[in-house]
2 protein chains.
Amino acid sequence: MITLTEENYIKAIYHLSSNGEKTVNTNAIASAMQTKASSVTDMIKKLSEKNYADYKKYQGVTLTDDGRRVAVNIIRKHRLWEVFLVEKLNFSWDEVHEVAEHLEHIKSEKLIDELDAFLEFPTYDPHGDPIPDKEGNFKHIEKIVLAKAEVGSTYKCVGVDDTSSKFLKYLDSNNIALGTIITVKHKEPFDNSIKIALEHSEIVVSQSVAKNLYLKKV
Amino acid sequence: MITLTEENYIKAIYHLSSNGEKTVNTNAIASAMQTKASSVTDMIKKLSEKNYADYKKYQGVTLTDDGRRVAVNIIRKHRLWEVFLVEKLNFSWDEVHEVAEHLEHIKSEKLIDELDAFLEFPTYDPHGDPIPDKEGNFKHIEKIVLAKAEVGSTYKCVGVDDTSSKFLKYLDSNNIALGTIITVKHKEPFDNSIKIALEHSEIVVSQSVAKNLYLKKV
DNA sequence: AAATATTTTTAGATTAGTCTAAAAATATTT
DNA sequence: AAATATTTTTAGACTAATCTAAAAATATTT
């Protein structure tokens with residue numbers, strides 16, 4: 001049996017290593033999990049014993065195939081629940097993350113497959129992230145971050161990095177949502193802020209916003 | 001904060017005391033929770049400290065108003081999720097209990113109130129049990145157990161006591177479901193089995209079945 | 001009401017996950 | 001390549017929930 005805490009560590013390692021392949025170091029996991037390095041060491045030993053991770057002392061950790069399978073399945077569940085909350089229960093995109101963090105740990109294959117069917121097999125969640133299918137397959141869309149977009153080009157908003165409530169509310173209040181068309185007008189070298197044009201307005205966004213907004217060329 | 005284990009103990013005490021009012025003894029809780037009496041003693045001390053229960057050594061335990069409020073809220077969540085699973089996700093009534101045992105612990109008031117609305121405020125779950133509303137109110141329906149029904153009378157099936165998969169599958173295979181109309185034909189004094197008439201058949205059910213099926217006179 | 005049986009509680013140990021503080025290994029600077 | 005800084009691990013302790021075995025209280029039988 002896999003515990004809730006083990007699942008959360010596996011998920012954190014997966015996200016930190018962008019798809020579970022790259023080696024992740026102890027402190028990175030500690031800060032992602034809001035815990036101490038010593039706790040992380042204990043846990044990665046345990047994950048290693050259970051064959052979810054490969055670990056050599058002082059050398060960081062990678063997920064095994066088993067570990068990656070677990071991670072992708074949790075992500076599938078998390079994102080399907082997010083779609084459910086937004087489409088069926090009137091949640092806004094900034095409210096779903098916290099509840100989905102809990103729902104993702106409910107263990108029932110039938111539950112999640114029926115939910116998938118009920119939602120008509122969605123392929124993206126409310127933040128623009130792809131939803132793995134039953135076999136764990138999902139496409140990486142070729143997205144770029146606004147901070148690296150080129151002046152003069154037009155893009156579609158396809159996702160966010162930071163899913164915190166404050167950031168998503170900020171986007172809402174500036175009429176930026178998934179699918180919004182954005183034209184990059186000007187990059188200010190002094191503070192790396194960016195002026196962008198939306199359908200009915202022009203706004204200037206800070207560097208920290210520009211680093212968290214994903215776009216796709218149109 | 002209330003832990004998952006505390007919630008489960010409170011729920012068990014509530015069910016054992018039929019609405020949280022009657023005193024429940026340690027061994028009864030131990031057998032309901034599949035644990036040892038010594039563990040129960042520890043936990044009811046803790047529930048007592050946190051003001052969810054009133055407890056005097058060797059005298060058993062009752063729930064406080066707070067404890068009852070917690071219990072009813074968990075029951076509300078459990079039964080709403082059961083309706084969701086059956087009506088939206090194609091679960092059969094014998095499959096829902098185990099998954100609902102986990103879903104009932106997800107803590108989000110918005111989630112459960114929106115789920116309630118999405119399901120159009122159901123008042124009974126798939127086993128015929130009433131669903132408490134947001135304020136914790138719910139009606140007890142006047143139901144009798146088949147074992148005590150009178151020969152010659154006609155009843156509607158309104159609920160079950162045992163929600164185990166084996167029992168519910170037995171009912172399914174004999175075409176007994178919520179709403180099924182049943183006429184009591186004969187009670188056999190020798191083994192307390194009962195012959196009943198359904199729409200298209202007559203069957204004999206054992207005493208243990210008769211004790212777990214709830215009816216309402218029509 | 002004394003003896004016996006049952007129930008409940010206490011005492012002390014165990015496991016999962018966490019922590020602090022110190023030690024060990026690795027990385028960086030000079 | 002020594003010295004210093006950073007990262008990681010170890011050692012030992014803590015909490016929540018559990019257990020076993022023994023002691024204490026209550027209930028039942030004779």
Side-chain angles (χ1 to χ4, degrees), chain A residues 1-17 22-63 66-67 70-71 74 101-102 104-107, chain B residues 1-17 22-63 66-67 70-71 74 101-102 104-107:
Chain A
M1 257 303 293
I2 188 164
T3 68
L4 187 142
T5 314
E6 286 166 0
E7 286 191 347
N8 282 329
Y9 271 94
I10 290 172
K11 189 178 55 154
I13 296 168
Y14 182 88
H15 281 130
L16 286 168
S17 66
K22 220 180 62 191
T23 299
V24 182
N25 58 5
T26 303
N27 269 350
I29 300 170
S31 94
M33 295 288 296
Q34 311 222 70
T35 185
K36 301 293 150 130
S38 55
S39 307
V40 173
T41 302
D42 287 347
M43 181 53 80
I44 59 190
K45 276 182 188 167
K46 200 174 142 202
L47 293 178
S48 183
E49 274 164 28
K50 289 194 172 187
N51 236 301
Y52 294 120
D54 289 321
Y55 163 62
K56 291 208 187 69
K57 270 187 198 177
Y58 297 99
Q59 302 309 134
V61 69
T62 54
L63 292 179
D66 265 14
V70 168
I74 297 170
E101 286 285 295
H102 294 106
E104 72 186 9
H105 298 290
I106 303 285
K107 286 173 185 60
Chain B
M1 257 302 294
I2 188 162
T3 70
L4 188 142
T5 313
E6 287 165 359
E7 287 191 346
N8 281 330
Y9 272 92
I10 289 172
K11 189 177 57 153
I13 296 169
Y14 182 89
H15 280 131
L16 286 168
S17 64
K22 219 180 64 192
T23 300
V24 182
N25 57 7
T26 304
N27 269 351
I29 300 169
S31 95
M33 295 288 296
Q34 311 223 68
T35 184
K36 300 294 150 122
S38 54
S39 308
V40 173
T41 301
D42 286 347
M43 181 52 81
I44 58 187
K45 276 182 189 166
K46 201 173 141 203
L47 293 178
S48 182
E49 272 163 30
K50 290 194 172 188
N51 236 300
Y52 294 120
D54 288 321
Y55 164 63
K56 289 209 188 68
K57 270 189 196 173
Y58 296 99
Q59 302 309 134
V61 69
T62 54
L63 292 180
D66 265 15
V70 169
I74 297 171
E101 286 286 295
H102 297 287
E104 71 185 10
H105 297 290
I106 303 286
K107 286 172 187 60

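The figures here come from the full heavy-atom set of this structure, side chains too, leaving out hydrogens, waters and symmetry mates. Here is how names work: the chains are called A, B, and so on, in the same order as the sequence lines, proteins then strands, and each is numbered from 1.
- Atoms NZ (A/Lys56) and P (C/dT26) sit 13 Å apart, rounded to a whole Å.
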Problem set entry | CA sep, side-chain torsions, deciding dist, call: A/Thr3, A/Tyr9, side-chain contact (heavy atoms from CB on, under 4.5 Å) | CA-CA 10 Å; A/Thr3 68; A/Tyr9 271 94; over 6 Å; no
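- If you take CD of B/Gln34 and P of D/dC19, they are 11 Å apart, rounded to a whole angstrom.
- Applying the salt bridge (charged side-chain N to carboxylate O under 4.0 Å, His left out) test to every pair with at least one member in residues 3-17 of chain A, sequence neighbours left out, gives these pairs: A/Glu6-A/Lys46, A/Glu6-A/Lys50, A/Glu7-A/Lys107, A/Lys11-A/Glu101, A/Lys11-A/Glu104.
- Taking 4.5 Å as the limit, every side-chain heavy atom of A/Met33 sits out of range of all side-chain heavy atoms of A/Val40.
- When the side-chain nitrogen and oxygen atoms of B/Lys36 are compared with OP1 and OP2 of D/dT18, none of them lie within a distance under 4.0 Å.
- For A/Asp66, the salt bridge (Lys or Arg N to Asp or Glu O under 4.0 Å) criterion is met by A/Arg69, not counting sequence neighbours.
- Nearest to the side-chain atoms of B/Asn27 among the listed nucleotides D/dC19, C/dT8, D/dT9 stands C/dT8.
- What separates CD of A/Gln59 from C1' of C/dA27 is a distance of 12 Å, to the nearest Å.
- In this structure, A/Glu49 CD and A/Tyr55 OH are separated by 11.0 Å, a value rounded to the nearest 0.5 Å.
- Here the closest heavy-atom approach between residue B/Ala37 and residue B/Thr26 is recorded as O-CG2, 3.6 Å.
- Using a 4.5 Å heavy-atom cutoff, the side chains of B/Ile13 and B/Tyr52 are not in contact.
- If you measure from atom CE of B/Met43 to atom C1' of D/dC19, you get 14 Å, rounded to the nearest angstrom.
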Which atom pairs link the protein and nucleotides 10-12 of chain D when you take only N or O atoms and keep those under 3.5 Å?
from: D/dT10; atom 1: OP1; to: A/Lys57; atom 2: NZ; distance (Å): 2.5
from: D/dT10; atom 1: OP2; to: A/Lys45; atom 2: NZ; distance (Å): 2.5

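- Put simply, the side chain of A/Val61 does not reach to within 4.5 Å of the side chain of A/Leu47, judged on heavy atoms.
- In this structure, CD1 of B/Ile2 is placed 14 Å from P of D/dA16, rounded to the nearest angstrom.
- B/Thr23 has its side chain out of reach of B/Gln59: every pair of non-hydrogen atoms, C-beta onward, lies at least 4.5 Å apart.
- Near DNA chain C, meaning a heavy atom under 4.0 Å from it, residues 3-15 of chain B has no residue at all.
- Annotation: the span from B/Ser31 atom OG to B/Asn25 atom CG amounts to 9.5 Å, rounded to 0.5 Å.
- Taking atom CG of A/Asn25 as the reference point, atom C1' of D/dT7 lies 8 Å away to the nearest angstrom.
- Helical stems involving DNA chain C, defined as 3 or more consecutive Watson-Crick or G-U pairs under 3.5 Å, span C:1-30 with D:1-30.
- Of the candidate nucleotides D/dT18, D/dT9, C/dT8, D/dT18 has the atom lying nearest to any side-chain atom of B/Thr35.
- Every side-chain contact (heavy atoms from CB on, under 4.5 Å) that A/Ile106 has, sequence neighbours left out, goes to A/Leu111, B/Val99, B/His102, B/Leu103, B/Ile106.
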